[in-house]
Protein chains: 2
Amino acid sequence: MSTLRGAAPVGAPDAVAPAESHSKADRAYQALIEGIQQGRFAPGSRLVLAQLADELGMSVVPVREAIRRLQHDDLVSYERNVGATVVGVDPEEYRYTMETLALVEGFSTAQCAPLVTAAELERARDINARMRALLDDFDPVEFTALNKEFHSTLFEHHQNPHILDLVHRGWNRLTALRSSTFAHVPGRAPQSVAEHDQLLDLIAAGAPFQDIEAAARQHRANTLTAYMDTMAPADQH
Amino acid sequence: MSTLRGAAPVGAPDAVAPAESHSKADRAYQALIEGIQQGRFAPGSRLVLAQLADELGMSVVPVREAIRRLQHDDLVSYERNVGATVVGVDPEEYRYTMETLALVEGFSTAQCAPLVTAAELERARDINARMRALLDDFDPVEFTALNKEFHSTLFEHHQNPHILDLVHRGWNRLTALRSSTFAHVPGRAPQSVAEHDQLLDLIAAGAPFQDIEAAARQHRANTLTAYMDTMAPADQH
DNA sequence: CCGCGCAAAATCGTATACGATCTGTGGTGA
DNA sequence: TCACCACAGATCGTATACGATTTTGCGCGG
């Protein structure tokens with residue numbers, strides 16, 4: 001899907017596009033998404049067209065378009081004649097996003113698995129080793145970055161660009177919702193690393209499609225569960 | 001997701017919004033999507049802003065926005081400084097769409113299954129019976145409409161709006177790509193009806209999640225396979 | 001006859017301007 | 001004191017205008 005869209009998904013590993021996309025709308029989009037992900041625009045805060053346009057040194061028209069893109073990325077909520085507000089850390093929305101991501105990421109991982117080369121598998125193991133090394137002196141940001149890199153390695157030979165795009169969108173959204181899940185649930189990290197190893201073993205062994213899919217899906221579902229348990233331990237009715 | 005987006009997804013069963021959405025951009029979007037789905041805008045044909053604006057009795061600004069929405073729905077491809085062209089019936093793209101739809105629809109069906117009431121199950125059986133009755137004097141359009149209705153019934157209690165939105169997008173895209181798959185592969189229809197029954201049996205029996213998901217996914221995958229076999233029997237390299 | 005370059009037409013991208021709609025505030029009457 | 005209404009400010013939605021880029025067609029030279 002990436003190949004279809006005029007704007008490359010920000011954060012996509014294949015989109016190493018420079019900051020200069022030769023389109024003000026693109027620049028605005030990138031600036032806003034970065035601002036949201038870095039927390040410069042707090043959740044719930046309003047994004048006012050004129051103000052942003054002034055800030056970015058352009059007219060409101062490109063800004064407006066950028067905001068509509070953010071809207072369909074579900075990074076902002078929009079109300080007609082009122083404006084856009086940065087989407088909050090609603091646990092419900094987080095759950096939806098993680099669930100969707102588990103679905104598409106699981107499928108994509110399984111689909112790519114037979115095409116992963118030995119070298120890539122080695123690279124993934126190396127990344128996971130670095131993640132494990134990081135467990136002692138835990139750094140959530142670095143850990144999350146490696147986590148992304150790990151899964152990206154397994155997606156190198158994506159078969160279905162639509163699904164790949166969905167994965168990237170999910171990642172973007174997560175990054176926007178909170179800089180790092182592991183910052184909130186550090187206890188999840190060791191388990192995550194272990195599951196990575198299991199996943200790699202399955203791929204290396206040429207396990208059946210549904211086994212790999214189930215494992216990859218469960219991997220993310222576990223993260224979600226860990227998060228939910230931590231954040232809302234009183235959520236038992 | 002639907003609840004987050006400013007514009008209700010066209011074709012969504014819960015979006016019975018009248019043609020008057022009180023926004024020219026919305027009207028333009030709806031007009032264009034209908035035009036594409038009805039074949040008024042042939043695949044490959046260009047969508048010129050000024051021309052459409054004139055036709056719809058509005059300025060180019062709302063039309064532009066509508067086209068960008070179509071772009072992210074993957075109904076048109078867009079090139080900077082050139083314009084939008086209606087996406088064609090590329091078999092590759094069709095495969096991607098069907099595959100993605102199999103994924104999200106399968107999951108959604110499985111997730112909704114435990115919540116389907118007896119009445120709804122009955123309704124689904126009734127729809128399927130009407131589809132079976134249609135097999136003798138086959139009408140692809142009517143059959144496809146019932147097919148949509150059938151699956152919609154099983155989605156009544158959607159859990160994850162993001163995934164539901166993905167399903168709707170996939171349907172929209174399919175409708176745009178070709179008015180009806182069954183028009184091209186009529187031989188698939190009887191098998192489809194039979195699989196519907198099996199799916200209903202699984203749901204009624206309270207089958208495990210993964211069984212229902214697998215069945216629903218396979219159901220759509222089968223349609224894809226049937227189509228691929230018919231359209232490209234020489235595709236064996 | 002074919003390729004190359006330039007100019008004109010077509011089309012998009014952005015800026016500015018104005019009307020429409022919403023939100024908040026202050027005042028008035030009960 | 002509280003509810004309600006009117007008005008003003010803020011912000012968005014759309015129209016129009018103009019500059020930027022691409023495409024196309026024509027003429028020239030080989």
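Residue numbers start from 1 in every chain, and the chains themselves are labelled A, B, ... in the order their sequence lines are given, proteins ahead of strands.
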Seminar exercise, completed: Side-chain contact check for B:S23: nearest option of D:dT22, D:dT11, D:dT14 is D:dT14
Problem set entry | A:D73 and A:Y29: side chain donor to acceptor below 3.5 Å | yes
Problem set entry | Of B:V82 and B:A25, the one whose closest DNA chain D nucleotide lies more 5' | B:A25
Problem set entry | Side-chain donor-acceptor pair present, A:Q111, B:E99, cut-off under 3.5 Å | yes
Exercise. Rounded to whole angstroms, how far apart are CG on A:N81 and P on C:dC22?
Worked result: 5 Å
Exercise. Taking for each residue the nucleotide of DNA chain D bearing the nearest heavy atom, is the 5' side occupied by B:E65 or by B:R46?
Worked result: B:E65
Problem set entry | Whole angstrom value for the distance that separates P of C:dA15 from CG of A:L52 | 14 Å
For this session: Under 4.0 Å between any heavy atoms, over every strand shown, what does B:I67 touch: base, sugar-phosphate, or nothing? Just pick one.
Result: nothing
Exercise. Choosing from D:dT11, C:dC12, C:dT23, which nucleotide comes nearest the side chain of B:V48?
Worked result: C:dC12
For this session: Report, as yes or no, whether the 6.0 Å neighbourhood of atom CD on A:E79 holds more than 12 heavy atoms from other residues, nucleotides or ligands.
Result: no
For this session: Would you kindly say whether A:Q30 and A:D26 are connected by a side-chain donor-acceptor distance under 3.5 Å?
Result: no
Problem set entry | Nearest-Å distance for atom pair CD/C1', residues B:Q71 and C:dC12 | 13 Å
For this session: Figure out the CZ/P separation between A:R80 and C:dC22, and round it to whole Å.
Result: 8 Å
Problem set entry | 4.5 Å side-chain heavy-atom contact, B:I67 and B:L32 | yes
Exercise. Aromatic rings A:Y94 and A:Y227: how do their planes relate, parallel, tilted or perpendicular, breaks at 30° and 60°?
Worked result: tilted
For this session: Could you work out which one of C:dG13, D:dT14, C:dT11 sits closest to the side chain of B:K24?
Result: D:dT14
Exercise. Roughly how many Å is it from CD in B:Q51 to C1' in C:dA10, rounded to a whole number?
Worked result: 12 Å
For this session: Strictly below 4.0 Å, heavy-atom distances to any atom of DNA chain D: list the hits from residues 53-64 of chain A, or just say none.
Result: A:R64
For this session: Round to the nearest Å and state the distance from B:D26 atom CG to D:dC12 atom C1'.
Result: 14 Å
For this session: Ignoring backbone atoms, test whether A:Y78 places a side-chain nitrogen or oxygen under 4.0 Å from the OP1 or OP2 oxygen of D:dG13.
Result: yes
Problem set entry | Ring-ring centroid check A:H158 A:H168, cutoff 6.0 Å | no
